[in-house]
Amino acid sequence: MPKQILINALEKALLQARQKGLLKNEQTAEIQVQRPSDASFGDYSANLAMTLAKESGLPSRKVAEILVAELNLPPEVIEKTEIAGPGFINFRVNPQWLQKTVEEIRRKGADYGNSETGQGQSLQVEFVSANPTGPLHVGHGRAAAIGDSLAHLLAKVGYEVTREYYINDAATSTQIRNFGASLEARYLQALGKEAKMPEDGYHGEYVSDIAKEVVEKEGDRFLEMPAEERLEQFTLLAKQKILEGQRADLAAFGVRHDNWFRESSLFESGAVEAALNLLREGGHTYEAEGALWLRSTDYGDEKDRVLVRTTGIPTYLAADAAYHHDKFIRGFDKVIDIWGPDHHGYVARTKAAVQALGYDAEKLEIIIHQIVRLFSGGEVVRMSKRAGDIVLLSDVLSEVGADAARFFFLMRSADSHLDFDLELAKKETPDNPVYYVQYAHARICSILRQAEESGVKIPQPGEADPSVLVDERELALLRKLADFPEEVESAAALYEPHRMTRYAQELANAFHLFYTDCRVLSDDTNLTKARLSLVCASQVVLQNCLALLGITAPEKM
RNA sequence: GGGCCCGUAGCUCAGUGGAUAGAGCGGCUGCCUUCUAAGCAGCGGGUCACAGGUUCGAAUCCUGUCGGGCCCGCCA
């Protein structure tokens, strides 16, 4: 990687300059190499001279000159070094090096872009984790897209990744009981009986749908049951049905969790009690007003939080503390939770609980994504009759398809509110970025088909001479392809999968430009071979990129 | 009242302290006898909310103000 080569070379040059007494700086400045804002400046750029100027008492351009004189760069990678502007050192990559990456990409195939950054550390991404009291909505869709793509990214940079779904199914949960009671009421109503919905009942149409299904399959056999047992049965049924639906929605979205973890299992196994004891023994709790409190303020929370209610029933936080304890007991080196914006208030207390249990706060990363608003023709959409104001993920999927939904959910950074334009996502025109990207892949496949049909052999890696790829469009495409590992690296390091949708668009653009200006199949045998090889490399990178996003790469459109 | 996120082109948003701040959409204008026009080219478009501060250098970091969203339970 040129970037790493440059950083190493600059480091060495700085050391030499110091040893020779040309620069007096003692401090070890972090050496940065970045992309210049304007490509005409070069492929890479270093600001080192500017950061050293003040301390060395020399003008930054002078410092740059000293550094450049000490620089020793492999000419086959970096062909040109120059000082520009206030003291930037700009580098241009040797086209030879770019041309060689075609072969490297083709040899590595699906592994191109992999790295060892994660060093095989085990890492868990927990995402979606919706309450079993209703179907998944668009917010969950965003979480699913982010979580799944992030998991792909982290696996690509060398982590051992587990995807987990936390089922909030605690039997003591008031919400679940309420939901069960709602289903019971709808069931009785479906059988023509008088029944009142509970006070904070679930009025969405999906509850009635489930009730009707129960009537169809089980008839009126619950009527005779004692009230308490019946409620229990319906609570169980409600949970089960919703969970089935959630699994089906995720499957339709192409998201698969390795592990579905039941909150209730923490109570059954005694893990909640154990975690509470640990917190007590560590002196992180106290009793007040008949409840057990966590001293979360010790770890920066704005107030202490209840762990066990006056009723003796543990809170969600108690279970969550036990849950995270369990994650670390299972040996995860790093745990990432992806939550909706309505949970941001729980970040501080959860991190507090984790620290009180003796773990480094840095081992837990909580990503909060902001809300999704659906638009159609400039109007906010409330699509679902079944769930009131909530727009269901399944509705969006049947409307625009999984690929478009994934891409749109991943177009913005998690921090940013997402306006999802359904019309645009449905369009089969270049305005729609997901089609734009997929079309590039379809075009690639079309060229390869065309070549085969006309009897032109696709060269194996190494069979083409890439040095004939000198057109500006070809070099621009090569640069984009060569960028891929660095893009993956930073998207993974920053936990920002949305960077890859942007990269996908840029890569597709570079390919379309190449396609327009450079005819692949021509009478010039060597050029045809080299360009076919470049097309194959483009296909590899586009596929790898789309795989990280969880989006298909169609061969025809 | 407090917390979190956001404020950048008409709209939706990128932008890991660097050079003349970018993309897509929308608008207008061109380009198909040639590997997919689901493409390409061109034209417009900016007080980076505002005010201070830190820095050689700020859209980016800090403080404050204003505006928008979400949240603030011994619910989950």
Side-chain angles (χ1 to χ4, degrees), chain A residues 32 34-38 41 45 47 50-51 53-54 59-60 84-88 90 129-133 168 170 173-176 178 200 263 289-293 302-303 305-311 313-317 319-320 340-348 368-371 373 375 378 411-421 424 427-440 442-451 453-454 456 490 493-494 496 498-499 501-502 505-506 508-509 511-513 515-522 528 531-532 535 556-557:
Chain A
Q32 296 171 35
Q34 62 243 101
R35 301 269 167 197
S37 53
D38 187 331
F41 292 134
S45 153
N47 62 358
M50 276 120 75
T51 63
K54 195 180 183 188
S60 49
F88 288 104
N90 293 333
S129 302
N131 288 340
T133 53
N168 299 120
S173 154
T174 47
Q175 289 189 2
I176 303 265
N178 215 346
D200 294 310
E263 181 186 8
E289 301 160 54
L292 183 72
W293 296 73
E302 39 176 44
K303 57 183 207 177
R305 309 288 174 178
V306 172
L307 285 165
V308 181
R309 295 173 256 219
T310 40
T311 57
I313 296 170
T315 60
Y316 179 80
L317 176 63
D320 228 26
D342 48 336
H343 284 72
H344 82 261
Y346 283 74
V347 173
I368 302 286
H369 69 78
Q370 298 301 314
I371 58 162
R373 282 193 309 176
F375 279 81
M411 273 200 301
R412 309 286 177 236
S413 81
D415 280 345
S416 191
H417 300 179
L418 174 64
D419 282 357
F420 190 131
D421 186 341
L424 182 61
K427 269 196 195 169
E428 299 196 346
T429 64
D431 326 344
N432 183 347
V434 62
Y435 280 91
Y436 180 84
V437 171
Q438 289 183 317
Y439 184 55
R443 268 185 156 174
I444 286 170
C445 295
S446 174
I447 294 170
L448 298 178
R449 272 195 305 273
Q450 185 75 24
E453 280 164 21
S454 54
V456 178
S490 61
L494 297 165
E496 291 184 352
H498 77 276
R499 287 165 178 275
T501 54
R502 183 156 292 269
Q505 292 180 81
E506 289 166 2
N509 179 240
F511 182 79
H512 287 310
L513 289 170
Y515 179 92
T516 303
D517 279 11
C518 305
R519 200 182 156 78
V520 176
L521 305 172
S522 71
T528 299
R531 285 182 172 169
L532 275 171
V535 167
K556 277 186 185 171
M557 286 173 77

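Proteins come first, then strands; the chains are lettered A, B, ... in the order of their sequence lines, and each starts at number 1. Values below: every heavy atom of this structure, side chains too, minus hydrogens, waters and symmetry copies.
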Distance from [X] atom [atom1] to [Y] atom [atom2], nearest 0.5 Å?
{"X": "A/M557", "Y": "A/C445", "atom1": "CE", "atom2": "SG", "result": "11.0 Å"}
{"X": "A/L307", "Y": "A/D320", "atom1": "CG", "atom2": "CG", "result": "11.0 Å"}
{"X": "A/Y436", "Y": "A/N509", "atom1": "OH", "atom2": "CG", "result": "3.5 Å"}
{"X": "A/D415", "Y": "A/H498", "atom1": "CG", "atom2": "NE2", "result": "8.5 Å"}
{"X": "A/R373", "Y": "A/I371", "atom1": "CZ", "atom2": "CD1", "result": "6.5 Å"}

Side chain of [X], heavy atoms from C-beta onward: which of [options] has the nearest atom to it?
{"X": "A/S413", "options": "B/A19, B/A76, B/A14", "result": "B/A14"}
{"X": "A/E302", "options": "B/A19, B/G2, B/C35", "result": "B/G2"}
{"X": "A/R499", "options": "B/A19, B/C35, B/G15", "result": "B/G15"}

Under 3.5 Å, N/O pairs linking protein and nucleotides 53-63 of chain B:
from	atom 1	to	atom 2	distance (Å)
B/C56	OP1	A/K54	NZ	2.4
B/C56	OP2	A/K54	NZ	3.3

- Message: Run through RNA chain B and report every stem of 3 or more consecutive Watson-Crick or G-U pairs, distances under 3.5 Å, ordered by first number.
- Response: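 Stems (3+ consecutive pairs) listed as B:1-7 with B:66-72, B:10-13 with B:22-25, B:27-31 with B:39-43, B:49-53 with B:61-65.
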
- Quick one: list whatever passes salt bridge (Lys or Arg N to Asp or Glu O under 4.0 Å) with A/D200, sequence neighbours left out.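 With sequence neighbours excluded, A/D200 shows a salt bridge (Lys or Arg N to Asp or Glu O under 4.0 Å) to no residue whatsoever.
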
- Task: Apply salt bridge (Lys or Arg N to Asp or Glu O under 4.0 Å) to A/R35 and list each qualifying residue two or more places apart in sequence or on a separate chain.
- Result: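 Applying salt bridge (Lys or Arg N to Asp or Glu O under 4.0 Å) to A/R35 gives A/D483, A/E486.
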
- N or O in side chain of A/H498 less than 4.0 angstrom from B/G15 OP1/OP2: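 Yes, such a contact exists.
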
- Query: Has A/Y515 got a side-chain N or O lying under 4.0 Å from the OP1 or OP2 atom of B/A37?
  - Reply: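 The answer is yes; a side-chain N or O of A/Y515 sits under 4.0 Å from OP1 or OP2.
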
Is [X] touching bases, backbone alone, or none of the nucleic acid, heavy atoms closer than 4.0 Å?
{"X": "A/C445", "result": "nothing"}
{"X": "A/R305", "result": "nothing"}
{"X": "A/L513", "result": "sugar-phosphate"}
{"X": "A/L521", "result": "base"}
{"X": "A/E506", "result": "nothing"}
{"X": "A/D320", "result": "nothing"}

- When syn is taken as a glycosidic angle within 90 degrees of 0, is B/C6 syn or anti?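 The base of B/C6 is oriented anti (glycosidic angle more than 90° from 0).
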
- Has the side chain of A/T310 got a donor or acceptor that lies under 3.5 Å from a partner of the other kind on the base of B/C74?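 Checked by distance alone, the answer is yes.
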
- Message: Taking donor-acceptor contacts at under 3.5 Å, does the side chain of A/N178 reach the base of B/A76?
- Response: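 Donor-acceptor pair under 3.5 Å: no.
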
Taking N or O atoms only and anything under 3.5 Å, show me the protein contacts with nucleotides 31-34 of chain B, one pair per line.
from	atom 1	to	atom 2	distance (Å)
B/U34	O2'	A/R519	NH1	2.9
B/U34	O2'	A/R519	NH2	3.2

Inter-nucleotide [atom1] distance ([N], [M]), Å rounded:
{"N": "B/G73", "M": "B/G17", "atom1": "P", "result": "36 Å"}
{"N": "B/C66", "M": "B/A9", "atom1": "C1'", "result": "22 Å"}
{"N": "B/U16", "M": "B/C6", "atom1": "P", "result": "12 Å"}
{"N": "B/C61", "M": "B/U29", "atom1": "C1'", "result": "44 Å"}
{"N": "B/G24", "M": "B/C62", "atom1": "C1'", "result": "33 Å"}
{"N": "B/G67", "M": "B/C25", "atom1": "C1'", "result": "25 Å"}
{"N": "B/U47", "M": "B/C43", "atom1": "C1'", "result": "24 Å"}
{"N": "B/A19", "M": "B/G15", "atom1": "P", "result": "16 Å"}

Atom pairs, protein N/O to nucleotides 4-6 of chain B N/O, distance under 3.5 Å:
from	atom 1	to	atom 2	distance (Å)
B/C5	O2'	A/D415	O	2.3

- Face-to-face stacking of A/F41 with B/A19, centres under 5.5 angstrom, angle under 30°: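 Stacked: ring centres under 5.5 Å, planes under 30°.
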
- Task: Compare the ring of A/Y436 with the six-membered ring in the base of B/A38 and state whether they stack (centres under 5.5 Å, planes under 30°).
- Result: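 According to the criterion (under 5.5 Å, under 30°), no, A/Y436 does not stack.
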
- Message: In whole Å, I'd like the distance from the CG atom of A/L494 to the P atom of B/U16.
- Response: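 Taking atom P of B/U16 as the reference, CG of A/L494 is at 9 Å.
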
Taking side chain as C-beta onward, heavy atoms only, is [X] less than 4.5 Å from [Y]?
{"X": "A/I368", "Y": "A/V347", "answer": "yes"}
{"X": "A/V437", "Y": "A/Q505", "answer": "yes"}
{"X": "A/M50", "Y": "A/P86", "answer": "yes"}
{"X": "A/N47", "Y": "A/Q32", "answer": "yes"}
{"X": "A/P341", "Y": "A/H369", "answer": "yes"}

What nitrogen or oxygen pairs link the protein and nucleotides 21-26 of chain B at under 3.5 Å?
from	atom 1	to	atom 2	distance (Å)
B/G26	OP1	A/D431	OD2	3.0

- Modelled atom types, side-chain donor and acceptor of A/T429 and A/D431, under 3.5 Å: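 A/T429 vs A/D431: donor-acceptor pair found between side chains.
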
Pairing residues for [X] by the side-chain contact (heavy atoms from CB on, under 4.5 Å) criterion, not counting sequence neighbours:
{"X": "A/N90", "result": "A/F41, A/S45, A/E82, A/A84, A/F88"}
{"X": "A/T528", "result": "A/V456, A/L521, A/S522, A/L532"}
{"X": "A/Y515", "result": "A/R443, A/I447, A/F511"}
{"X": "A/R519", "result": "none"}

- Message: Judged by each residue's nearest nucleotide on RNA chain B, which is more toward the 5′ side, A/E289 or A/R35?
- Response: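 Result of the comparison: A/R35.
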
- Query: When you match A/D38 and A/M411 each to their closest nucleotide on RNA chain B, which lands nearer the 5' end?
  - Reply: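 Looking at the nearest nucleotide for each, A/M411 comes out on the 5' side.
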
- Item | A/D421: side chain to side chain donor-acceptor pair (under 3.5 Å) partners, not counting sequence neighbours |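 Partners of A/D421 by the side chain to side chain donor-acceptor pair (under 3.5 Å) criterion come out as none, since no residue qualifies.
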
- Query: Does A/V434 offer a backbone N or O that forms a donor-acceptor pair with the side chain of A/N432 under 3.5 Å?
  - Reply: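 Yes; judged by distance alone, with no hydrogens or angles, the pair exists.
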
